[in-house]
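Shown next, in structure tokens, is the structure this report addresses.
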Amino acid sequence: MRNSAHWLHLKTAKLDLKQNPNTTGRVRWQHLATTSGLMPRPTSTISQARQDRCCRVGEITADDRRDWVYDLVADDGLRFEDELSRIGYRSGKSCKAREVDSYFELHIEQGPILDAEGRQVGIVTGAYPTYGMRVRFEGETAHTGPTPMDLRHNALIAGARFLTAVDDIGWEFAINDGKATGARLAAWPNKPGILSETALCITDVRHPNPVTAKVMAEKMRRTAKASAAMAGCIAVIEDEWSWGGDVFSSELIDIMRDEAVRQGCNWCEIQSQAGHDAYHLATYCPTAMIFTPCKGGITHNNKESCEPEDFIAGLNVLLHAVVRRTDR
């Protein structure tokens, strides 16, 4: 089917998304395939069209992390598993997915490249290698007035030093698009007149070069220990994680690239720099991603803006790629 033949169906589908931005595209995709006359054979191919993540796929790919998730404790002391039980959502059944042939995900870029270059579509070929960690700094409460500087163990200061040091790592590698983020600092008791006993920090680093990304990650680890020592505290790395690299299926990438060319899209190859469900599904089945532009690359902000027309080309490519995969 020619690209122009189902313009109306795509536009109608995306208008529904604009009215209800918290829903995924599953129902609309079924409607779209039916009304456009493109009805692939029954399959276990999964496709998602979304503005931002509104569900998780951990139940499929991370069953071994279940106990870790259950033990997570919020700032107010509430434990995740206990709260699931309290509201009746705790189940003793393991949630395993049936066999999945492949997974396609369409997502806004969450960056400025496509919009700045006037591109309609970005074919995602990989993801920036990314490393993150959660660090707890342990100190000791004391009065801010009479306690001498050499006797202080202020965990809040240790955390603050750590976050600014991580930010410096980002600037050190920024010339080649390296990035480092101090994303969170939570201290206790965090009150005027009292030195904090604990501080919890979350940070991450990312870089297009995998070797450089590992170097940045190691600098981040060493910075945690150094920041603790300067404040007379102890640093405990509670958790570390990573994602990215060449995780996507070359076969699916080729299909989407061919469709972008066939449909005459203004497209480019692009690397993902944010976290996505597709990374986790890539450990389970062949996976691919396609990006569409957002105004100014602004995201996770009330100024984030995407009009239905911004998705048309990307949805056309995604739809035909899914049909080709299922009808192979």
Side-chain angles (χ1 to χ4, degrees), residues 52-53 105 107-117 119 122-137 158-186 199-230 235 237-248 250 253 267-280 282-283 287-301 303-304:
D52 203 352
R53 296 183 301 279
E105 181 175 343
H107 205 290
I108 61 170
E109 179 196 351
Q110 297 182 298
I113 296 175
L114 296 181
D115 186 56
E117 296 183 359
R119 306 281 189 176
I123 306 298
V124 183
T125 57
Y128 277 30
T130 300
Y131 297 87
M133 62 172 54
R134 185 178 72 242
V135 183
R136 186 180 76 253
F137 294 96
R161 287 184 180 277
F162 177 54
L163 293 187
T164 56
V166 169
D167 186 68
D168 289 341
I169 294 173
W171 284 106
E172 180 182 351
F173 292 91
I175 191 170
N176 292 313
D177 209 29
K179 300 177 179 71
T181 303
R184 189 167 193 263
L185 172 59
L200 184 68
C201 295
I202 296 178
T203 59
D204 66 67
V205 296
R206 60 196 75 194
H207 195 281
N209 184 292
V211 175
T212 304
K214 287 184 177 180
V215 171
M216 296 174 70
E218 182 58 30
K219 288 176 72 74
M220 181 169 59
R221 291 188 200 94
R222 298 187 183 192
T223 294
K225 302 296 184 180
S227 300
M230 292 182 69
I237 299 177
E238 293 187 331
D239 192 27
E240 293 187 73
W241 56 89
S242 64
W243 64 67
D246 297 325
V247 298
F248 297 125
S250 59
I253 291 173
W267 68 282
C268 67
E269 294 185 355
I270 192 170
Q271 291 276 306
S272 172
Q273 300 185 48
H276 292 288
D277 293 345
Y279 302 162
H280 305 284
T283 66
T287 300
M289 284 196 73
I290 185 169
F291 281 166
T292 53
C294 53
K295 296 295 187 293
I298 299 173
T299 185
H300 288 203
N301 185 293
K303 296 180 181 178
E304 179 179 312

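Since the structure is predicted, the reported quantities are computational estimates derived from the model, not experimental observations.
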- Message: Is it the case that over 12 heavy atoms from other parts of the model lie below 6.0 angstrom from the CH2 atom of Trp171?
- Response: no

- What pairs with Lys225 under salt bridge (Lys or Arg N to Asp or Glu O under 4.0 Å), at least two apart in sequence or on another chain? none

- Of the non-hydrogen atoms in Gly170 and Ala180, which two are nearest, and what is the gap between them? N-CB, 3.3 Å

- How would you list, by chain and number, every residue that makes a salt bridge (Lys or Arg N to Asp or Glu O under 4.0 Å) with Glu117, sequence neighbours excluded? Arg119

- Item | Euclidean distance, Thr181 OG1 relative to Asp167 CG, rounded to 0.5 Å | 8.0 Å

- Item | Listed partners of Asn209 passing side chain to side chain contact (heavy atoms under 4.5 Å, CB included), at least two apart | His207, Val211, Thr212

- List in chain and number order the residues that pass side chain to side chain contact (heavy atoms under 4.5 Å, CB included) with Thr287, two or more places apart in sequence or in another chain; answer none if no residue qualifies. Tyr103, Phe248, Ala278, Leu281, Ala282, Cys285

- Expected output: side-chain Glu304 to main-chain His300 donor-acceptor under 3.5 Å: yes

- Message: Working to the nearest 0.5 angstrom, can you tell me the gap between Asp246 CG and Gln271 CD?
- Response: 7.0 Å

- Task: To the nearest 0.5 Å, tell me how far Arg134 CZ sits from Cys201 SG.
- Result: 11.5 Å

- Message: Are more than 12 heavy atoms, taken from residues, nucleotides or ligands other than Lys214, located less than 6.0 Å from that residue's NZ atom?
- Response: no

- Task: For Ala228 and Ala158, work out which heavy atoms get closest and say how close.
- Result: CA-CB, 4.1 Å

- Task: Applying salt bridge (Lys or Arg N to Asp or Glu O under 4.0 Å), name anything that partners Glu218, two or more places apart in sequence or on another chain.
- Result: Arg221, Arg222

- For the residue pair Ile290 and Ile123, establish whether any side-chain heavy-atom pair is separated by less than 4.5 Å. yes

- Note on the structure: When every non-hydrogen atom of Pro112 is compared with those of Gly296, the smallest separation belongs to CB-O, 4.0 Å

- Item | Gap between atom CG of Leu163 and atom CD1 of Ile202 - 0.5 Å precision | 10.0 Å

- Message: I want to check something: taking the side chain as every heavy atom from C-beta on, are Leu114 and Thr292 in contact at a cut-off of under 4.5 Å?
- Response: no

- By side-chain hydrogen bond (donor to acceptor under 3.5 Å, both in side chains) - contacts of Thr164 (at least two apart): none

- Message: What I'd like to find out is whether the side chain of Trp243 reaches to under 4.5 Å of the side chain of Arg206, using heavy atoms alone.
- Response: yes

- Considering all heavy atoms of both residues, which atom of Val135 and which atom of Ala235 are nearest to each other, and what is their separation? CG1-CB, 4.2 Å

- List the atom of Thr203, the atom of Gly182, and the distance in Å for their closest heavy-atom pair. CG2-CA, 4.0 Å

- Message: According to side-chain hydrogen bond (donor to acceptor under 3.5 Å, both in side chains), who are the partners of Asp177, at least two apart in sequence or on a separate chain?
- Response: Tyr128, Lys179

- Pairing residues for Thr223 by the side chain to side chain contact (heavy atoms under 4.5 Å, CB included) criterion, not counting sequence neighbours: Phe162, Ala165, Ile169, Ser227

- Message: Under the rule for salt bridge (Lys or Arg N to Asp or Glu O under 4.0 Å), what residues qualify as partners of Asp115, not counting sequence neighbours?
- Response: none

- Message: Can you confirm whether more than 12 heavy atoms, excluding those of Asp239, are under 6.0 Å from its CG atom?
- Response: yes

- Task: Using side chain to side chain contact (heavy atoms under 4.5 Å, CB included) as the criterion, list what pairs up with Asn301, not counting sequence neighbours.
- Result: Ile298, Lys303

- Kindly compute the distance separating CD (Gln273) from CD (Glu109), expressed to the nearest 0.5 Å. 7.5 Å

- Across all chains, not counting sequence neighbours, the ring-ring contact (aromatic ring centres under 6.0 Å, His included) partners of Phe291 are His276

- Beyond-backbone contact of Phe173 with Lys219, side-chain heavy atoms, under 4.5 angstrom: yes

- Query: Looking at residues at least two apart in the chain, or sitting in another chain, which of them share a side-chain hydrogen bond (donor to acceptor under 3.5 Å, both in side chains) with Tyr131?
  - Reply: none

- Message: Looking at every non-hydrogen atom in both residues, tell me the closest pair between Ile108 and Thr299 and how far apart they are.
- Response: CD1-OG1, 4.0 Å

